[in-house]
Amino acid sequence: MEKIKMTTPLVEMDGDEMTRILWKMIKDELLIPFIDLKTEYYDLGLENRDATDDQVTVDSALATKKYGVAVKCATITPNAARVTEYNLKEMWKSPNGTIRAILDGTVFRSPIVVKGIEPCVKNWKKPITIARHAYGDVYKGVEMKIPAAGKAELVYTAADGSETRETIHEFTGAGIIQGMHNISASIESFARSCFNYALDLKQDLWFATKDTISKKYDHTFKDIFQEIFDKEYADRFREAGITYFYTLIDDAVARVMKSEGGYIWACKNYDGDVMSDMISSAFGSLAMMTSVLVSPEGYYEYEAAHGTVQRHYYKHLKGEETSTNSVATIFAWSGALRKRGELDSNPELAAFADKLEKATLDTIEAGFMTKDLALITTIENPTVLNSQDFIKAIAKRLA
């Protein structure tokens, strides 16, 4: 069989531990036999990030700006234990955070729906995509313990030296305070990424905050979204037959639970972090969750929503058999290949991505799956496959 040609490379970001093992299996079994695979390769494994003083992460993000589409394996964000384990020069930052900052992107996470893995919420029939603003708020919060009575203030000093002050609280005893921030430019990028992605998927977009309580902070998010929508996107949404609306986050939660899915729900940073975990768990598993970083300039970086599966990697190193779910990583590749095909007007490549996803879901629906899915499936007497045999079973269907 003649392999499908690629005209432009993907940016390939390799990763760590068990997902790195799966990465190679997926390429060897599911991609290289069918595609003349072109990638610009960056090794974001922790050892190489340490050897390059993390410059490789920056280089991979810049390459994504050059080529437009990237696919990323799960990576380690080191803590103190990892610094010791890998003998690192320092505790390097999250690669995802570095890439997000350079691409100025929004993270969209969506469950992979398959027959036999039923959502906990019985009326959910279509995926619910969480759009998470990936800058600021509590993640860049500055905190202080208040030891005793006193006044805490917010102080803004302008460039000309003038000050604006707001009293946070008059403490009569010990307590705590936290200051958090966001920037209008980042909120604008977040809004445009959400509107563009909704047009891409032709799905309705919701946005939810708590502006009734946070009358300046959250209200600014609401206002920026509405201004950009009215000026730049209202007509395009109308033509696409989709809608945008804002609601309070408590109302959004009630609506979500009673809906059948099939829309994008945009959230601020912490809300998006929590809600994407809730959605993934309710739909089945983090291993069945796609994640794509989309910038307002139209750069795309696809990855799995889960981590490096450390426990399975240690078993693998001991020569023990693992049954690690590779579905989200396969869908990271298929998502990137489909987008590459769309941007390059290469319908064969885009069609291959569809077939790869269908072969993966058909394998599970036929009762062949990894152990994590076998524990929650409604399919009777499923066949549990190890990591490699599951990928081989998909390859057989794909061929």
Side-chain angles (χ1 to χ4, degrees), residues 10-27 39-66 70-105 107 109 132 134-143 180 269-270 272-273 276-277 286-287 289 291-293 295 299 301-320 322 324-326 328-329 332-333 336 387:
L10 288 174
V11 176
E12 178 186 353
M13 306 173 183
D14 210 344
D16 287 298
E17 298 189 320
M18 197 64 209
T19 44
R20 188 182 181 98
I21 305 298
L22 297 175
W23 195 259
K24 186 175 186 308
M25 289 181 192
I26 290 165
K27 285 174 67 178
T39 70
E40 187 162 304
Y41 178 85
Y42 293 87
D43 184 357
L44 267 55
L46 192 49
E47 294 98 331
N48 194 48
R49 278 156 48 210
D50 192 58
T52 64
D53 295 335
D54 210 27
Q55 183 61 39
V56 66
T57 306
V58 174
D59 292 344
S60 70
L62 295 175
T64 305
K65 283 190 167 186
K66 178 181 176 182
V71 58
K72 180 181 172 293
C73 183
T75 47
I76 294 167
T77 298
N79 55 16
R82 295 293 204 169
V83 170
T84 303
E85 180 184 355
Y86 284 87
N87 192 27
L88 302 177
K89 297 172 191 171
E90 63 177 87
M91 198 181 295
W92 302 108
K93 292 178 182 176
S94 157
N96 288 348
T98 299
I99 294 164
R100 277 199 297 263
I102 292 170
L103 298 183
D104 191 22
V107 178
R109 289 188 165 177
R132 175 188 170 190
Y135 177 83
D137 302 344
V138 295
Y139 297 87
K140 286 189 177 288
V142 178
E143 300 174 322
M180 64 185 197
N269 207 346
Y270 177 73
D273 194 358
S276 64
D277 281 350
L286 254 183
M289 194 85 170
S291 182
V292 55
L293 179 72
S295 80
Y299 311 130
E301 182 245 306
Y302 294 81
E303 62 179 324
H306 59 72
T308 58
V309 204
Q310 179 185 12
R311 185 172 56 86
H312 285 200
Y313 181 60
Y314 291 157
K315 286 181 70 176
H316 173 80
L317 290 179
K318 291 177 189 172
E320 297 175 18
T322 64
T324 316
N325 191 333
S326 52
T329 306
W333 274 103
S387 307

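Scanning all heavy atoms of the two residues, the minimum distance from A70 to A336 falls at O-CB, 4.0 Å. Between G307 and T19, the shortest heavy-atom distance links the atoms O-CG2, 3.4 Å. Between T77 and K93, the shortest heavy-atom contact is CG2-C, 4.4 Å. Here the closest non-hydrogen pair linking A61 and L103 is O-CD2, 3.6 Å. Residue V138 comes nearest to Y270 through the heavy atom pair CG2-CB, 4.1 Å, listed as atom of the first residue, atom of the second, then distance. Between K140 and Y135, the shortest heavy-atom distance links the atoms CE-CE1, 3.3 Å.
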Open item on the list: Under the criterion side chain to side chain contact (heavy atoms under 4.5 Å, CB included), I'd like the reasoning laid out for R20 against Y313: C-alpha separation, chi angles, the key distance, then a yes or no.
Closed with: CA-CA 9 Å; R20 188 182 181 98; Y313 181 60; over 6 Å; no
TODO: Show the numbers, then the answer: is there a side chain to side chain contact (heavy atoms under 4.5 Å, CB included) between V107 and S291?
DONE: CA-CA 7 Å; V107 178; S291 182; 3.5 Å; yes
- [ ] Give the intermediate values and the outcome of side chain to side chain contact (heavy atoms under 4.5 Å, CB included) for residues E17 and Y314.
- [x] CA-CA 8 Å; E17 298 189 320; Y314 291 157; 4.1 Å; yes
Task: Residue pair S60, L44: steps toward the side chain to side chain contact (heavy atoms under 4.5 Å, CB included) verdict - done: CA-CA 9 Å; S60 70; L44 267 55; 3.9 Å; yes
Open item on the list: For a salt bridge (Lys or Arg N to Asp or Glu O under 4.0 Å) check, start with the C-alpha distance between D16 and R82, then their side-chain angles and the critical distance, and finish with the verdict.
Closed with: CA-CA 12 Å; D16 287 298; R82 295 293 204 169; over 6 Å; no
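Looking at W333 and L10, their side chains come closer than 4.5 Å, going by heavy atoms from C-beta outward. At least one side-chain heavy atom of N96 sits under 4.5 Å from a side-chain heavy atom of E303. Counting heavy atoms from C-beta outward, T75 and M13 have side chains that stay 4.5 Å or more apart. Between L62 and K66, every side-chain heavy-atom pair lies at or beyond the 4.5 Å cut-off. No side-chain heavy atom of I99 sits under 4.5 Å from any side-chain heavy atom of T64. When side chains are defined from C-beta on, H316 does not count as touching S387, because their heavy atoms never get closer than 4.5 Å.
Judged by distance alone, the side chain of D43 and the main-chain N or O of N48 form no donor-acceptor pair under 3.5 Å. Side-chain atoms of N269 come within 3.5 Å of backbone atoms of G136 as a donor-acceptor pair (strictly under, hydrogens ignored). Remark: the backbone N or O of I76 is paired with a side-chain donor or acceptor of R49 at under 3.5 angstrom.
Note that CG of D54 and CG of L46 are 9.0 Å apart. Values are rounded to the nearest 0.5 Å. From N87, atom CG reaches atom CG of D50 across 8.0 Å, with rounding to the nearest 0.5 Å. Rounding to the nearest 0.5 angstrom, the gap separating the CD atom in E301 from the CZ atom in R100 is 9.0 Å. In this structure, CZ on R109 lies 7.5 Å from CG on D273, to the nearest 0.5 angstrom. Atoms OG1 and CD1, on T322 and I21 in that order, are 9.0 Å from each other to the nearest 0.5 Å. Rounded to the nearest 0.5 Å, atoms CG (D14) and OH (Y41) are 3.5 Å apart.
When the side chain to side chain donor-acceptor pair (under 3.5 Å) test is applied to D53, the partners found at least two apart in sequence or on another chain are K89. Considering only residues two or more places apart in sequence or on other chains, Y42 meets the side chain to side chain donor-acceptor pair (under 3.5 Å) condition with E40.
Under the 6.0 Å distance and 45° angle rule, R132 counts as a cation-pi partner of Y139.
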